[in-house]
Amino acid sequence: MGSENWDGRPPREFNLLPGVTRIGSGTDADLRLDGLDLQHAEIRHDENDEYVLYAYGSVGGGSSTMRPEQGLVLRTGARIEMGRWRMGFFREEYADHGRPYGGRLGGELSVQKPQPDRRSQPR
């Protein structure tokens, strides 16, 4: 599915919840999307102020072979595909931590937390 299926309506926005945001088609999902598993995925806001995606069902867009125990740190502009749904993850530039993956240029290098090497994260 791509732009040829767009119905002309603006995209929906959903603010992630503090702690955990559950995604699925079940009644207990925070973000309920028809056609997904009852509990398809969740996004956890961790102690390092990172948002991490954990997949229980099929997730594509950047990590098509995720296992539930593997989390994927989300960065601004990340595309997530679940079933027929296409989503993007965005947060303010100043909050998207870690050089060279985002954040401000210059500034507090001595106090910035190091980020994991992206090449070492599973794809």
Side-chain angles (χ1 to χ4, degrees):
M1 290 195 178
S3 60
E4 67 274 2
N5 297 320
W6 183 48
D7 63 5
R9 293 185 295 188
R12 296 182 350 196
E13 289 186 22
F14 181 85
N15 291 325
L16 298 175
L17 301 174
V20 178
T21 301
R22 292 172 188 82
I23 303 169
S25 61
T27 56
D28 61 340
D30 302 306
L31 177 56
R32 195 178 312 168
L33 301 172
D34 293 334
L36 297 183
D37 295 339
L38 295 177
Q39 182 177 351
H40 201 92
E42 65 184 32
I43 298 174
R44 300 178 195 164
H45 188 200
D46 72 12
E47 66 279 353
N48 295 320
D49 194 29
E50 299 286 11
Y51 288 89
V52 184
L53 172 68
Y54 292 89
Y56 305 108
S58 176
V59 174
S63 182
S64 58
T65 59
M66 285 184 67
R67 294 189 309 260
E69 66 275 6
Q70 292 177 317
L72 177 69
V73 175
L74 296 174
R75 298 281 178 233
T76 292
R79 190 183 82 213
I80 306 165
E81 299 176 5
M82 296 180 198
R84 64 183 182 93
W85 299 95
R86 307 295 178 263
M87 294 167 265
F89 173 80
F90 296 93
R91 70 188 298 192
E92 296 294 335
E93 179 186 6
Y94 69 85
D96 199 9
H97 310 299
R99 261 183 239 124
Y101 311 123
R104 292 178 292 151
L105 298 176
E108 308 84 17
L109 181 60
S110 64
V111 296
Q112 239 180 357
K113 294 178 184 174
Q115 298 297 306
D117 182 5
R118 285 188 172 185
R119 292 172 294 206
S120 67
Q121 291 188 359
R123 291 192 172 260

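Being a predicted model, the structure only gives us computed values, none of them experimental. Numbering of residues begins at 1 and proceeds along the displayed sequence.
Between the R86 side chain and the G83 main chain, a donor and an acceptor come within less than 3.5 Å of each other. A donor-acceptor pair under 3.5 Å is formed between the side chain of R32 and the backbone N or O of T27.
Annotation: cation-pi pair R44/Y54 present, NZ/CZ under 6.0 Å from the ring centroid and within 45° of its normal.
Taking the six-membered ring where the residue is Trp, Y51 and F89 present tilted rings, their angle falling between 30° and 60°.
Across all their heavy atoms, W85 and L33 have their closest contact at NE1-CB, 3.5 Å. Between T21 and F14 the shortest heavy-atom distance is CG2-CE2, 3.6 Å. Taking each heavy atom of S25 and G35 in turn, the nearest pair found is CB-N, 4.4 Å. The two atoms that bring M82 and I23 nearest to each other are SD-CG2, 3.9 Å, heavy atoms only. Between L31 and R12, the shortest heavy-atom contact is CD1-NH2, 4.3 Å. Here the closest heavy-atom approach between residue E50 and residue R75 is recorded as OE1-NH1, 2.9 Å.
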Assess whether side chain to side chain contact (heavy atoms under 4.5 Å, CB included) is satisfied between D49 and R91, documenting all intermediate values. CA-CA 12 Å; D49 194 29; R91 70 188 298 192; 3.2 Å; yes

Applying side chain to side chain contact (heavy atoms under 4.5 Å, CB included) to I80 and L74, what does each step give before you reach the verdict? CA-CA 10 Å; I80 306 165; L74 296 174; 4.0 Å; yes

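Rounding to the nearest 0.5 Å places CG of L53 at 6.0 Å from CG of L72.
In summary, the aromatic rings of H40 and Y56 are positioned with their centroids too far apart to meet the 6.0 Å limit.
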